[in-house]
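Inspection log for the structure reproduced underneath, given as structure tokens.
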Amino acid sequence: MEQTRPTTDEDVRRDATPVVRRGVLAALWLALRPQQWVKNLLVVAPLLFSENLFNASAFARSAAAFFLFCAASSAGYLINDLRDLERDRLHPFKRRRPLASGRLAPRAALFAALLLLVASLAGSFALSRAFGLVLSLYLLVSLSYTFLLKHLVILDVFAAASGFVLRAVGGALVIQVELSSWLLVCTTLLSLFLGFSKRRYELLLLKEQAGSHRQVLEEYNPRFLDMMIGIVSASTVTSYTLYTVSEETIQRFRTRSLLFTLPFVLYGIFRYLYLVYHKERGGDPIETAFADPAMLVNLLLWASAVVAILYWR
């Protein structure tokens, strides 16, 4: 009769290794925050508004720029989570993140962050020197935010908003088209609107523990944030309206029909305010917008209207 060899500790470790590796890779994937990559679609905005959406060469360059920004932003998220590791463990939601929960080792996260930093920088300069400089500036702002700017009242929101603007600028430079100043203004104001809404959500969620998690929240109060949200939301709608009716826009696109996309923008702003004030959401702008069916349908209708007006007028 064949005798069975007793199971040793080495056998257990060998059998568990593939499971452990899969667990680490899954935790690393979550730490990269792929759901936040939607923000990087701003890189594609200049492709759309320059009427190059169906230009194969320009589309390929924009797609490459999108993925490079995904790598750079994920590197920033990893470094930010490493920096805020102890504070995230005190947060009701952030403590579930892979690093804060202990599912991902800090050493593995740091290695992945450095690898993504090098890859994104090398790839960006390979596309073009101008795009490489913009992505480098984006990384510099991201790191400055992690280590300094996030602790400075108002500047913390401006720093986060600048990341959106740099995405749009990078998208224009990589396909060598002029970016409308109106588009930059709209992007800046919309980013500030989302940023102040997020601060309001954090302040109300954490309450008296707000300062212990994010020190700068001690400098905010709901009344001040409500004023800022009111200002930037109204300014966003106004600037987009002026963009659609400006002579520069009409001459560039040879149509006045972009004004018909204004109702979608109005509804999007109002719906987001409804979610922030009535549903007490807004902590994650991407989740808030894309988890709400009405917001998602409205966004798709806006994009479809823009494409129809610019490409099949």
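Here OG of Ser197 is found 6.5 Å from CG of Leu273. Values are rounded to the nearest 0.5 Å. Separation of atoms CG (Leu184) and CG (Leu179) is listed at 4.0 Å; rounding is to 0.5 Å. The CD atom of Glu51 lies 12.0 Å from the CG atom of Asn55; values are rounded to the nearest 0.5 Å. Put simply, CG on Leu30 and CG on Leu25 are 11.0 Å apart, with the number rounded to the nearest 0.5 Å. With values rounded to the nearest 0.5 angstrom, Leu133 atom CG is found 11.5 Å from Leu166 atom CG. Between the CG atom of Leu41 and the CG atom of Leu48 there is a distance of 11.0 Å, given to the nearest 0.5 Å.
Using the six-membered ring where Trp is involved, Phe49 and Trp302 have ring planes that are tilted, between 30° and 60° apart. Using the six-membered ring where Trp is involved, Phe54 and Tyr311 have ring planes that are perpendicular, over 60° apart on the 30 and 60° scheme.
Counting only heavy atoms from C-beta outward, the side chains of Phe196 and Ile231 never approach each other to under 4.5 Å. You'll find the side chain of Ser120 stays beyond 4.5 Å of the side chain of Phe67, heavy atoms only. A 4.5 Å side-chain heavy-atom check between Leu104 and Trp29 finds every atom pair outside the cut-off. Between Tyr272 and Leu190, every side-chain heavy-atom pair lies at or beyond the 4.5 Å cut-off. Side-chain contact between Asp156 and Tyr220 is present, with heavy atoms from C-beta onward closer than 4.5 Å. Looking at heavy atoms from C-beta onward, Arg271 lies out of side-chain contact with Asn298 at the 4.5 angstrom threshold. Side-chain contact check for Ser180 versus Glu248: some heavy-atom pair is nearer than 4.5 Å. Between Arg33 and Arg97 the shortest side-chain heavy-atom distance falls below 4.5 Å.
Between the Arg254 side chain and the Arg252 main chain, a donor and an acceptor come within less than 3.5 Å of each other. Remark: the backbone N or O of Ala159 is paired with a side-chain donor or acceptor of Ser162 at under 3.5 angstrom. For Thr146 (side chain) and Ser142 (main-chain N/O), a donor-acceptor pair under 3.5 Å exists by modelled atom type. Within the 3.5 Å criterion, the main-chain N or O of Ile175 finds no donor-acceptor partner in the side chain of Arg61.
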*Residues Ser50, Asn52; criterion side chain to side chain donor-acceptor pair (under 3.5 Å); working and verdict*: CA-CA 5 Å; Ser50 66; Asn52 281 300; 2.9 Å; yes
_Trace of the side-chain contact (heavy atoms from CB on, under 4.5 Å) decision for Phe224 with Ile154_ = CA-CA 11 Å; Phe224 171 75; Ile154 300 178; 4.0 Å; yes
*Go through the steps to decide whether Ile79 and Phe147 satisfy the test side-chain contact (heavy atoms from CB on, under 4.5 Å), and finish with yes or no.*
CA-CA 10 Å; Ile79 294 172; Phe147 291 97; 4.0 Å; yes
_Pair Ile229-Arg200, side-chain contact (heavy atoms from CB on, under 4.5 Å): steps then yes or no_ = CA-CA 9 Å; Ile229 291 170; Arg200 185 184 186 279; 3.9 Å; yes
*asked:* The test is side chain to side chain donor-acceptor pair (under 3.5 Å); show your working for Thr236 and Ser233 and say whether it passes.
replied: CA-CA 5 Å; Thr236 300; Ser233 60; over 6 Å; no
*asked:* Before you tell me yes or no, could you show the steps for Asp284 and Gln35 under side chain to side chain donor-acceptor pair (under 3.5 Å), namely the whole-Å CA-CA distance, both residues' side-chain angles and the distance that decides it to 0.1 Å?
replied: CA-CA 10 Å; Asp284 184 341; Gln35 72 277 9; 5.0 Å; no
*Applying side chain to side chain donor-acceptor pair (under 3.5 Å), run through Trp182 and Thr244 and close with a yes or a no.*
CA-CA 9 Å; Trp182 281 112; Thr244 61; over 6 Å; no
*asked:* Run the side-chain contact (heavy atoms from CB on, under 4.5 Å) test on Val24 and Arg103 for me, step by step, so that the C-alpha distance in whole Å, both residues' side-chain angles and the decisive distance to 0.1 Å come before the verdict.
replied: CA-CA 7 Å; Val24 171; Arg103 287 177 292 159; over 6 Å; no
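Hydrophobic clustering (side-chain heavy atoms under 4.5 Å, transitive across Ile, Leu, Val, Met, Phe, Trp, Tyr) keeps Val141 apart from Leu148. Both Leu135 and Leu127 sit in one connected hydrophobic cluster of ILVMFWY residues. Membership requires side-chain heavy atoms under 4.5 Å apart, directly or through other members. No continuous path of hydrophobic side-chain contacts links Leu42 to Tyr138 [ILVMFWY only; heavy atoms under 4.5 Å]. Under a hydrophobic clustering in which Ile, Leu, Val, Met, Phe, Trp and Tyr are joined whenever their side-chain heavy atoms come within less than 4.5 Å, directly or via other members, Val134 and Val118 fall into different clusters. Under a hydrophobic-cluster definition in which Ile, Leu, Val, Met, Phe, Trp and Tyr are linked whenever side-chain heavy atoms come within less than 4.5 Å, directly or via other members, Phe253 and Val185 are assigned to different clusters.
Minimum heavy-atom separation, Ser124 to Leu68: N-CD1, 3.6 Å. Of all the heavy atoms in Val174 and Ala65, the pair that sits closest is CG1-CB, 4.1 Å. Residues Leu32 and Tyr77 approach most closely at O-CD1, 3.6 Å, considering heavy atoms. Of all non-hydrogen atoms in Val245 and Ile250, the two that sit nearest each other are O-CD1, 3.5 Å. Looking at every heavy atom in both residues, Leu299 comes nearest to Phe290 through CD2-CZ, 3.7 Å. Smallest separation of non-hydrogen atoms from Leu121 and Ser136: CD2-OG, 3.3 Å.
Thr261 and Tyr240 share a donor-acceptor pair across their side chains, judged by distance under 3.5 Å alone. Judged purely by distance below 3.5 Å, without hydrogens or angles, the side chains of Thr188 and Ser191 never pair a donor atom with an acceptor atom. Side-chain atoms of Asp226 and Tyr277 include a donor-acceptor pair closer than 3.5 Å. For the 3.5 Å distance criterion, the side chains of Tyr274 and Asp292 fail to qualify, holding no donor opposite an acceptor.
Other residues, nucleotides and ligands contribute at most 12 non-hydrogen atoms within 6.0 Å of the CZ atom of Phe158.
Under the 4.0 Å criterion applied to side-chain N and carboxylate O atoms, Asp88 and Arg95 are not assigned as salt-bridge partners.
A cation-pi arrangement, defined by a distance under 6.0 Å to the six-membered ring centre and an angle within 45 degrees of its axis, is present between Arg167 and Phe164.
For the side chain to side chain donor-acceptor pair (under 3.5 Å) test with Asp84, the passing option among Arg89, Lys94, Lys150 is Lys150; the others fail.
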